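Single-structure report; data block below.
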Amino acid sequence: MSSSHPQTVVRSVCPLDCPDTCSLAVTLKEGRIVRVDGDPDHPITRGTICHKARHFPSRVYHPDRVLHPLKRTGRKGEGAFTRITWEEALDEITRRMQEIIRRHGAEAILPYSYYGNMGLVNNGSMDRRFFHRLGASRLDRTICNVAGNRGFEMTMGFKGAIDPEETVHSRFIIVWGGNIVSTNMHQVMLFEQARKRGAKIVAIDVHRNRTARWADEFIQLYPGTDAALALAMMHTLIEEGLLDHDFIRTYTTGWEEFRKRVAEYPPERASRITGVPAERIVRLAREYGRTTPSFIRIGNGLQHHDNGGMIVRTIACLPALTGQWKVRGGGALKENGVSAVDKAKLERPDLLPDPGVRTINMIRLGDALLHADPPIRFLFVYNANPARVAPAQEKVLRGLAREDLFTVVHDLFITDTARFADLVLPATSHFENLDVYKSYWHLYLQLARPVIPPQGEAMSNFDLFKTLAKRMGFTESCFDDTPEDIIRQVADQPENPWMEDVTYEELSEKGIVKLNLAKQPLFPDLLKRHKIALYSERMKEEGQDPLPKHVPLKEGFDARRNGDARHPFMLIAGPNHQFLNTSLGNIAKLQKLEGEPRVEIHPADAARHGIADGEAVRLFNRRGSCILKAKVTETTLPGVLISNGLWWGDSTCDGKGINQLTPDREADLAGGAVFFSTAVGIEKV
Ligand SMILES: Nc1nc2c(c(=O)[nH]1)N[C@H]1C(S)=C(S)[C@@H](COP(=O)(O)OP(=O)(O)OC[C@H]3O[C@@H](n4cnc5c(=O)[nH]c(N)nc54)[C@H](O)[C@@H]3O)O[C@H]1N2
Ligand SMILES: Nc1nc2c(c(=O)[nH]1)N[C@H]1C(S)=C(S)[C@@H](COP(=O)(O)OP(=O)(O)OC[C@H]3O[C@@H](n4cnc5c(=O)[nH]c(N)nc54)[C@H](O)[C@@H]3O)O[C@H]1N2
Ligand SMILES: [Mo]
């Protein structure tokens, strides 16, 4: 049927915290978004997007969207609010901030944000400038990837510098601790092209997830044991002479010490640690050692462990042994943290009145709210949902419930965190903003112009922090910047080799430009500059073993040997397919597709605990508990439980989240999160 109202299609960009940073084709009818598709012309997106992005219209026009500022009328956590004006909200925020600064110092104010929106205009520029200038406590943003990224850097000297489009040339591919079918679907599409040219794909995971089912082979191991597997693979490579001696000599340091360490990990020993048969380890190593180019896609899952930094550092040694870095389609990638952006220019840490102001690790939010000295009196949450995503939820909720804490939450919805807010401020969606996006996986910089006007009285992060800066009387010229100025600061950096030839004009005209990897080739330039540290002085400086090794986890299996009989299971509480962390967890269609909060348990364990498929079970440990539905399945190993994602409180049996159970310990490197190093007990409800 033809319609009297013409439709138009405009380009936009997906803002979700996902490696793919997709280019979107948005269909508008009478000024309303009616459809979201993948942009067919984007070299990576190629017209394909996930369900989550297809459902953006249900998010943007959701009946529960916050469209006006709100003030709390009920108890903290209850979610009762009344409408107020922006004028009243901004007045109250500035009055409270000024009073707290006068009486206690700005350190009593803490921003809490992560990547609800990945745009550099709305995350990582005006917001950071504001809190720096204010002199607020600084937030160490550790919740996602830092342990693994630091581990990769420990070995390689840089974060990552591979064009993922080259992985179509790979012949042997390992997806290691990443559920890329759910979390990085365009890497799957590139690997599919490689597969058509004859590549073999092996997934290494604790769980037979979607990616394991898609791969040609699956190797299942016990949580936190990947370093032992990688070391045993290297043991076989050395034993059988599957080495590129010339590459090792030219581009690595510490070979002799490294070799001795590897000798301590014969496949039989690794088999006892990982649960993978020794013959299987040897076969994997032979295939890896004999096929060129080989490529390892390192996920985020395997670094959410006590030993996550060491695991990634160890895996990152593998490609050096066979010289894979010098071939197109060879090597390994954790993520492309290429320094295309001048963070200092965007974030302006130089505005800090006292550079020695305290820094709070975001994964320790509960403790910080309950025990920081001097206390935190003002919490400003944006782009994040800590009541659901932070570990040790019980402590976080107790902290958020403090009567003497003033909390502002800027979001599109009354999230579980916003329920604790004194003021809730309405945020625009990405379709309502001008922004620029840089992926942490592919190499394209993309511009997104607003597609629709701000809904209701929603305000972007950029405008909010700029307005607050003016109200606080900040006169530095950086607070006069417009979104266009920020985009210029991103795009115009002729002195940065990644950005050479890129200009604001070009970005503005084309909407998409590719970073210039060719100006900084990995081989041989980068590798000559940063030799690959098989023995790492930097690890030693961090108080870690300078050589790769298997380090036991602090609870769970390893502790069970020490007698933690009440909590005999390891729980892997990862993200799910249909939501993006908690974002989109309130879209009815996606909830339906995801089912319900579940925990997968091996049939032998279920039988031992008298648990039948579909029954409600309580998971517990000394940190907390939550109730889920049991799914009895052989996709998991005996002793390992797998849950499906981060659900909103009102979608769960008892309102409690899976993060009731997860520890707020810091990983071995960079203060990273250890969500998956969680020991639990299970019982029928
Ligand atoms: N659909 C969807 N996509 C997403 C997200 C989402 O919530 N939903 N979140 C986004 C974000 S913020 C991130 S950081 C990424 C995360 O995406 P990924 O990098 O894929 O990481 P996870 O999904 O956390 O975990 C991946 C796998 O690690 C496995 N794993 C756990 N412990 C171990 C271990 O010790 N060894 C090994 N080998 N495997 C282990 C888990 O079983 C899981 O299958 O995805 C992004 N994309
Ligand atoms: N158990 C367990 N916990 C985990 C993980 C896990 O695997 N297991 N994964 C961890 C990881 S890897 C990550 S990255 C974190 C993610 O943690 P968060 O970054 O907190 O992720 P979300 O739950 O998606 O919450 C983002 C919020 O930002 C809001 N938002 C979106 N756009 C805007 C905007 O423009 N302005 C404002 N003000 N708000 C906006 C969204 O509505 C949403 O409420 O979770 C971590 N938590
Ligand atoms: Mo993440």
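Order of listing sets the numbers, starting from 1, for every ligand and every atom in it. This structure is a prediction, so every number in the text was calculated from the model and none was measured.
Checked against a 3.5 angstrom limit, the closest N/O atoms of Thr415 and ligand 2 fall outside it. Considering both main-chain and side-chain atoms, Phe676 never comes within under 3.5 Å of ligand 2 through any nitrogen or oxygen pair. Note: an N/O pair closer than 3.5 Å links His577 and ligand 1 by distance alone. Checked against a 3.5 angstrom limit, the closest N/O atoms of Asp411 and ligand 2 fall inside it. Checked by distance only, ligand 1 and Ile204 come closer than 3.5 Å through their nitrogen or oxygen atoms. For ligand 1, none of its N or O atoms has an N or O atom of Gly299 under 3.5 Å away. On a distance-only criterion, Asn433 and ligand 2 share no N/O pair closer than 3.5 Å. Looking at Leu580 next to ligand 2, an N or O pair under 3.5 Å apart turns up. For ligand 2, the polar-atom distance check against Asn461 finds a nitrogen or oxygen pair separated by under 3.5 Å.
Scanning both residues, Gln220 and Val206, for their nearest heavy atoms gives NE2-O, 3.1 Å. Of all the heavy atoms in Met118 and Leu16, the pair that sits closest is CG-O, 3.5 Å. Closest non-hydrogen pair, Phe152 versus Ala332, comes out as CZ-O, 3.8 Å. Residues Ala390 and Phe675 come closest through the heavy atom pair C-CE2, 4.3 Å. A pairwise comparison of heavy atoms in Ala215 and Ile201 identifies CB-O, 3.6 Å as the closest pair.
Using 4.0 Å as the threshold, Phe579 has no heavy atom nearer than that to any atom of ligand 2. Contact annotation: His430 has no heavy atom less than 4.0 Å from any atom of ligand 2. Contact analysis leaves Ile642 out of contact with ligand 1, as no non-hydrogen atom separation drops below 4.0 angstrom. Within the structure, ligand 2 lacks Met362 among the residues with a heavy atom less than 4.0 angstrom away. Within the structure, ligand 2 has Thr428 among the residues with a heavy atom less than 4.0 angstrom away. Within the structure, the closest approach of Gly574 to ligand 1 does not fall below 4.0 Å when heavy atoms are considered. Taking a 4.0 Å cut-off on heavy atoms, His304 fails to register as neighbouring ligand 1. Residue Asn122 places no heavy atom under 4.0 Å from ligand 2.
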Do Phe380 and Phe130 pass the ring-ring contact (aromatic ring centres under 6.0 Å, His included) test, and can you show the C-alpha distance, the side-chain angles, and the key distance before you say yes or no?
CA-CA 12 Å; Phe380 202 126; Phe130 176 74; 7.2 Å; no
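Panel note: side chain Asp205, backbone His207; a donor-acceptor pair is recorded below 3.5 Å. The closest donor-acceptor contact from the side chain of Glu432 to the backbone of Ile452 lies at 3.5 Å or more, if one exists at all. A donor-acceptor pair is defined here as one N or O able to donate and one able to accept, closer than 3.5 Å; such a pair exists between the side chain of Gln455 and the backbone of Pro453. Asn117 places no side-chain N or O within donor-acceptor distance of the main-chain N or O of Pro15, the cut-off being under 3.5 Å.
Ring pair His430/Phe56: centre-to-centre distance below 6.0 Å. Outside the 6.0 Å centre-distance limit, the rings of Tyr265 and His550 are not counted as a close aromatic pair.
Looking from atom 42 (O) of ligand 1 to the surrounding protein, the closest heavy atom is Asp205 OD1, 2.6 Å. Nearest non-hydrogen protein atom to atom 10 (C) of ligand 1 is Asp17 O, 3.1 Å. Given atom 40 (C) of ligand 1, the protein heavy atom at minimum distance is Val206 CG1, 3.8 Å. When only non-hydrogen protein atoms are considered, atom 9 (N) of ligand 2 lies nearest to Asn581 OD1, 3.9 Å. Scanning the protein for heavy atoms near atom 20 (O) of ligand 2, the closest one is Asn385 N, 2.9 Å. The shortest contact between atom 23 (O) of ligand 2 and any protein heavy atom is with Thr582 OG1, 2.4 Å. Regarding atom 14 (S) of ligand 1, its nearest protein heavy-atom neighbour is Asn300 ND2, 3.1 Å. Atom 34 (C) of ligand 1 has Asp226 OD1, 3.4 Å as its closest protein atom, hydrogens excluded (heavy atom only). When hydrogens are left out, the protein atom nearest atom 15 (C) of ligand 1 is Thr183 CB, 4.3 Å; that is the closest non-hydrogen contact. Given atom 35 (O) of ligand 2, the protein heavy atom at minimum distance is Asn117 ND2, 3.1 Å. From the protein, the heavy atom lying nearest to atom 39 (N) of ligand 1 is Gly177 CA, 3.5 Å. Closest protein heavy atom to atom 21 (O) of ligand 1: Gly301 N, 3.3 Å. Remark: minimum distance from atom 33 (C) of ligand 2 to any protein heavy atom is reached at Asn383 OD1, 3.2 Å.
Only one option out of Gln187, Glu335, His186 pairs with Trp441 in a side chain to side chain donor-acceptor pair (under 3.5 Å); it is Gln187.
Ser113 and Arg141 form a side-chain donor-acceptor contact under 3.5 Å, judged by distance and modelled atom types alone. Inspection of the Asn184 and Arg297 side chains reveals an N or O donor paired with an N or O acceptor under 3.5 Å. A donor-acceptor contact closer than 3.5 angstrom links the side chains of Tyr382 and Asp127. A donor atom on one side chain and an acceptor atom on the other are not found under 3.5 Å apart for Lys159 and Asn336. Side-chain atoms of His305 and Ser677 form a donor-acceptor pair, as typed in the model, at a separation below 3.5 Å. Residues Asn383 and Asn461 have side chains that bring a donor and an acceptor to within less than 3.5 angstrom of each other. A donor and an acceptor atom, one from each side chain of Asn307 and Lys554, are nowhere located under 3.5 Å apart.
Between Asn209, Leu16, Asn184, Val181, it is Asn209 that holds the heavy atom closest to atom 44 (O) of ligand 1. Of the candidates Gly645, Ala227, Pro575, the one placing a heavy atom closest to atom 22 (P) of ligand 1 is Pro575. Of the candidates Asp127, Thr662, Asn586, Val389, it is Val389 that places a heavy atom closest to atom 47 (N) of ligand 2.
Between Val121 and Ile487 the shortest side-chain heavy-atom distance falls below 4.5 Å. Between Ile93 and Val408, the closest side-chain pair of non-hydrogen atoms falls below 4.5 Å.
Atoms of ligand 2 found under 4.0 Å from any heavy atom of Tyr115 (numbered from 1 in listed order, with element): 19 (O). Shown in contact with Tyr382 at under 4.0 Å from a heavy atom are these atoms of ligand 2, numbered in order with element: 38 (N).
If you look at Ala427 next to ligand 2, the close heavy atoms, those under 4.0 Å, all belong to the side chain. Contacts between Arg59 and ligand 2, counted as non-hydrogen atom pairs separated by less than 4.0 Å, involve the side chain only. Heavy atoms of Gln578 found under 4.0 angstrom from ligand 1: none, in either backbone or side chain. Counting heavy atoms closer than 4.0 Å to ligand 1, residue Asn576 contributes backbone atoms (N, CA, C, O) but none from C-beta onward.
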